[in-house]
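Structure first, commentary second.
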Amino acid sequence: MRSLMVADLRARWRSLAGLGLGCLVVLLLITGTYSGLGGRAGVTRSFGSGTPAKMMSAISGSPSADIAVPANYIGFSFSHPLFLLLSITVAVSSGVGAIAADVESGRAEMLYTAPVSRTAVLGARLVGWLIAQTSVLACAVAGALIGSRLSSDLSEASAWVPLQLAVQFGALSFFFAAASFAASARAQTRGAALGAATAIAAGSYVANLVALLWHPLHVLRRLNPFGYYNATAAADHIQWLDALALITSGTLLLIVSRIWLENRDLT
Amino acid sequence: MELSALTKTFGQTTAVDDVSFSLAPGSVTGFLGPNGAGKTTTLRMIGGLIRPSSGRVRLFGRSARVPAARRVLGYMPADPTFVLNLTGLQNLDLLAGLRGGAAPDRDEVAAALSLTERDLQLPVRAFSSGMRQKLAIVGALQHRPDLVVLDEPANRLDPLAHRAFCGLLRWVAASGRTVLLSSHVLGEVEEVCDAVILMRAGRVLRVAAVDELRHHASREVTLTYEAPPPWAPAALSAGQVEGCVARGRIPAGRLDVLRELAAEPGLLDLTVVPASLEDVFLDMYGEGA
């Protein structure tokens, strides 16, 4: 299955390079401007207190975190909507392209008539996603590290913080990749799979944000994957239980994907 | 390869209905039928792409759903699709890699189809439709499969490439391998196939040797008269008159009809054209069939 993985990565390297570069630039800009904003005091001043600050904290995945604190600020950068958009695109595009796009384009007839099991093809695509996602996250970590060095006020945060955040985010991206694989295994067209995967990601994000900002709907937090990704908490230390919850539910989705793929007609 | 009571339904529609046949090793068998007869669905079940609603496909004794059974299979779909931004060679490597990596016949097949090394270094995006078709043929044959299933392989091939392709099929069969060829190019089927399977409305209409089918098909008769006849002789079916010439068809093996026609007053010439596979096809599927 190595040949399939290599071919997929070769075919996608330009888009992956673009997403990686995008993540590097976004993280570099956010972290690199911390000192420019005036460090901790300056960030607090810039975003004020009350609702705007609460909004910014909510975006960082926590209702109460002070994002002006250096480590939390790096955490905020790893939950910035632009970063999320770029990095979750890797998961969604990998999943959607895995099955539904092959069926729609007719490429499935070239691939699945080979003496390889459908599960093996799914596995190869999963490993391909892992390589792609790791590469893009490595770019994000590099951006955050360079930005932190450019902003001297961020230096009181440990150099391990971006790596912790990447690991924590890895679990979230695994969930979205698995959801996209499931949508792809079920859908007849790439558009249908993309629509379902995007709806899951965007719907979850909005539900989480609303739950963080409006207490009566707080219960929604633990019912959606973003509720298990608290970037400011992960900046302190990796939230292993949250990661485990995402990996477990992602694994269940992959099992469902496998069952759907094994039992469907590939036309 | 053996198909037993193979049936596939999509909702209320039965695309393939109780299809059974088997192919002998070393044979080239044509798979014919009008559009919508269920040919492609049957081929996709052979390739393991579609699950039969009932019945089974066995490749050399093993179910086609078992991946290892498809090791012997070379499959070419009707509309082959490649990774467009990879080169022809990279696409062939991918297909070979999925089949274990070996491609002993790649160079020979590519050369026969005039696909040069330089062509194969181009991204598939830059290939013409004919080159993509040739690439798919190479992809189906490069790993020297024991069973080759081809769905409309002659689409988009120019006459030279088509001739080369027919030669390749003969070469495959001569080496003891089995070919199932779905095609609407009846001349091609006639040229390379030993037998044909005729499908209609999802069912097998007939399985027979090409010569046997031709032998039993109606044939065209042309009669030339001294003066324009008022109408075509009644013994001709679908008879037409054009000046001094009357044309029509007579059933196979009817010497009595030929004698009757030969005795027509004012007849100068009588020509009987041997039945072709196209005649067989028209007999089977044409109006009034």
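Residue numbers begin at 1 in each chain, while the letters A, B, ... track the order of the sequences.
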Check your understanding: Side chains of A:Val116 and B:Pro67: does their closest heavy-atom pair fall under 4.5 Å?
Key -> no
Check your understanding: Heavy atoms under 4.5 Å from chain A: which residues of residues 69-83 of chain B carry them?
Key -> B:Arg70, B:Arg71, B:Leu73, B:Tyr75, B:Pro77, B:Pro80, B:Thr81, B:Phe82, B:Val83
Point to revise | Contacting region of A:Arg118 [heavy-atom separation from chain B under 4.5 Å] | key: side chain
Exercise for review: Enter the distance from B:Leu94:CG to A:Arg10:CZ here, rounded to the nearest 0.5 Å.
Suggested key: 10.0 Å
Check your understanding: Do the side chains of A:Arg107 and B:Leu84 get nearer than 4.5 Å, heavy atoms only?
Key -> no
Exercise for review: Report, by ascending residue number, the residues of residues 129-148 of chain A in heavy-atom contact with chain B at a distance under 4.5 Å; give 'none' if the set is empty.
Suggested key: none
Exercise for review: Considering only heavy atoms and a distance below 4.5 Å, find which of B:Asn91, B:Asp151, B:Asp93, B:Asn85 pairs most often with chain A.
Suggested key: B:Asn85
Review point. Which of residues 184-203 of chain A have a heavy atom under 4.5 Å from any heavy atom of chain B?
Key: none
Review point. Among B:Leu98, B:Val149, B:Val66, B:Leu95, who wins on heavy-atom pairs under 4.5 Å with chain A?
Key: B:Leu98
Check your understanding: Is it the case that more than 12 heavy atoms not belonging to B:Glu117 sit under 6.0 Å from its CD atom?
Key -> no
Practice item. Could you look at A:Asp8 and say if it's the side chain, the backbone, both or neither that has a heavy atom under 4.5 Å from chain B? Key: neither
Review point. Among residues 35-56 of chain B, which ones touch chain A with a heavy-atom distance under 4.5 Å?
Key: B:Arg44, B:Gly47, B:Gly48, B:Leu49, B:Ile50, B:Arg51
